[in-house]
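Notes follow the structure.
Proteins get letters first, then strands, A, B, ... in listed order; numbering begins at 1 in each.
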2 protein chains.
Amino acid sequence: MIDSTSPDRHEAIGVVLRACEGQLEVLLTSGALPGATLASREPLEAALARAVDVSALAHVEQLETLVLSDCALATAYLGLVPVERAPAGDWRPVGSLPRLAADHAALVLAARTRLRAKLSYTNVGFALAPATFTISELREIYTAALEHDVSATNLQRVLVRRRVLERADGRRAPGRTGGRPAALFRFRLGRLEVTDEFAALRPPR
Amino acid sequence: MIDSTSPDRHEAIGVVLRACEGQLEVLLTSGALPGATLASREPLEAALARAVDVSALAHVEQLETLVLSDCALATAYLGLVPVERAPAGDWRPVGSLPRLAADHAALVLAARTRLRAKLSYTNVGFALAPATFTISELREIYTAALEHDVSATNLQRVLVRRRVLERADGRRAPGRTGGRPAALFRFRLGRLEVTDEFAALRPPR
DNA sequence: GCAAAAGTGTTGTGTCTACACCCATGT
DNA sequence: ACATGGGTGTAGACACAACACTTTTGC
């Protein structure tokens with residue numbers, strides 16, 4: 001029997017997101033966010049790896065640790081993956097989720113908020129995009145992740161000015177309806193980088 | 001005896017900062033960051049409150065959960081307090097800390113980084129400043145927290161434009177050496193508010 | 001030629017830093 | 001008067017959104 005000073009159960013939970021066809025989707029397992037309980041002396045990431053195929057993810061970061069309604073602790077992680085590399089599973093649009101535990105719903109919201117914020121001051125989009133892409137394709141990904149419309153023109157200018165994107169070789173042939181062939185781009189870096197560190201109160205020159 | 005599937009010890013750790021005489025200081029307890037081990041079914045904040053006088057703090061937010069070198073888990077919190085309300089204790093300038101455990105040193109660094117980032121896009125300065133203050137006094141606080149020089153002129157303009165600061169009644173009488181009496185200001189809000197949400201990729205009008 | 005899609009030029013707006021200058025007080 | 005610290009005016013740099021316009025393709 002566990003006495004009153006023994007620690008509680010601790011769970012690692014993954015909120016894994018992808019941008020698919022203009023919609024942000026979250027991966028569910030048996031109708032809930034995937035999670036695993038920590039074994040003794042097990043690192044958090046190891047437990048997370050038992051719940052989610054972490055090696056497939058392009059970016060993982062910790063969200064927060066909270067006390068669940070049953071008094072167990074849970075540490076939640078945000079995972080991002082491009083559709084092309086996304087593992088098979090029960091992907092659900094974040095806008096129309098089935099009924100989740102209150103904690104899980106809050107975590108999905110925290111993940112969406114975190115992603116939205118980081119898209120505007122980091123290069124985290126790399127983790128949702130394929131190796132190369134057109135600006136139109138990237139626009140669809142950003143639209144899904146930001147959950148508001150994005151102009152392709154300005155998206156290109158902002159990301160190129162910040163040196164987040166660079167040209168890749170080649171062009172994408174137009175579809176049957178014609179149109180100018182689109183240039184291919186890629187993210188300059190495949191890991192997280194802060195690109196707009198100080199909005200104000202920069203250090204003096 | 002604890003078997004191999006029983007959970008590990010979990011600690012709540014506080015990284016409490018204040019800005020004192022142009023220096024950012026952290027509160028130590030017995031030469032280390034204050035911490036307390038969670039009892040069974042105890043909320044994280046309750047354990048933190050046993051280690052730190054949370055009620056004195058003007059702002060508290062979770063930093064991260066990590067695995068300590070002894071395999072125990074720890075959830076760290078950032079706490080901010082104005083010097084005037086700061087509890088007595090072993091306050092040390094962050095620039096010249098005694099030798100700390102590697103985990104604790106990393107947490108202090110994480111706290112400094114978090115504070116610096118949030119100062120530039122939120123009103124979090126309220127948690128380091130007294131109820132009313134002159135721009136010069138606030139400049140000293142920002143200089144300490146940002147760890148770089150700050151122009152009083154621009155500080156005032158940025159914070160007033162963003163409606164983070166507002167005028168308070170009265171003026172501060174000049175010192176013995178003369179000078180124009182300084183206007184008093186106060187933070188418009190006493191809780192965290194994001195003031196510069198989207199640096200780029202704003203939603204369309 | 002015409003529609004469609006991609007991409008560039010340009011303008012206007014807002015926010016920031018830097019610095020010159022003016023203001024109000026003590027001695 | 002003059003030194004001292006407080007505060008404003010203003011100019012220049014930059015980043016951004018919006019939108020008109022040009023380019024390149026399929027049919």
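Heavy-atom nearest nucleotides on DNA chain D were determined for B:Gln156 and for A:Arg176, and the one closer to the 5' end corresponds to B:Gln156. Residue A:Thr153 is the one, among A:Thr153 and A:Pro181, whose nearest nucleotide of DNA chain D lies closer to the 5' end (criterion: closest heavy atom). Both A:Ser136 and B:Gly175 sit near DNA chain C, but only A:Ser136 has its closest nucleotide nearer the 5' end. Checking B:Gly179 against A:Gly179, the closest nucleotide of DNA chain C that is more toward the 5' end is the one next to A:Gly179.
Put simply, CG on B:Leu159 is 10 Å from P on C:dT17, counting in whole angstrom units. In this structure, B:Arg180 places its CZ atom 6 Å from P of C:dA24, rounding to the nearest Å. Computed from coordinates, the B:Arg139 CZ to C:dA18 P distance equals 13 Å when rounded to whole Å. Residue B:Leu184 contributes atom CG, which lies 15 Å from atom C1' of D:dG5 at whole-angstrom precision. Here D:dA15 presents its P atom at 13 Å from CZ of A:Arg163, a figure rounded to the nearest Å. Distance, B:Leu155 CG to C:dC19 C1': 17 Å, rounded to whole Å. Atom P of nucleotide D:dG6 and atom CZ of B:Phe185 are separated by 12 Å, given to the nearest angstrom. As a whole-Å value, the separation of B:Arg171 CZ from D:dG6 C1' is 9 Å.
Here B:Arg139 pairs with B:Asp149 in a salt bridge; the nearest charged N to carboxylate O distance falls below 4.0 Å. Comment: A:Glu25 does not engage A:Arg92 in a salt bridge, judged by the lack of any side-chain N to carboxylate O separation of less than 4.0 angstrom.
In the interface, the side chain of A:Arg157 is paired with the base of C:dG9 through a donor and an acceptor atom under 3.5 Å apart.
Ring geometry for A:Phe133 versus A:Phe187: interplanar angle of 30 to 60°, hence tilted.
Nucleic acid contact for B:Ala183: sugar-phosphate only, since backbone atoms but no base atoms lie under 4.0 Å from a heavy atom of the residue. Note on B:Ala173: nothing from the nucleic acid sits closer than 4.0 angstrom, heavy atoms only.
Distance OG1/A:Thr65 to CD/B:Gln62: 5.0 Å, rounded to 0.5 Å.
Nearest heavy-atom pair, B:Leu184 versus B:Arg167, reported as atom, atom and distance to 0.1 Å: O-NE, 3.1 Å.
Taking the side chain of B:Asn154 as heavy atoms from C-beta on, and the options C:dT17, D:dT8, C:dA24, the nearest nucleotide is C:dT17. The A:Pro174 side chain lies nearest to D:dT25 when the options are C:dG7, C:dA4, D:dT25.
Here B:Ser151 does not reach the OP1 or OP2 of C:dA18: none of its side-chain N or O atoms lies under 4.0 Å away.
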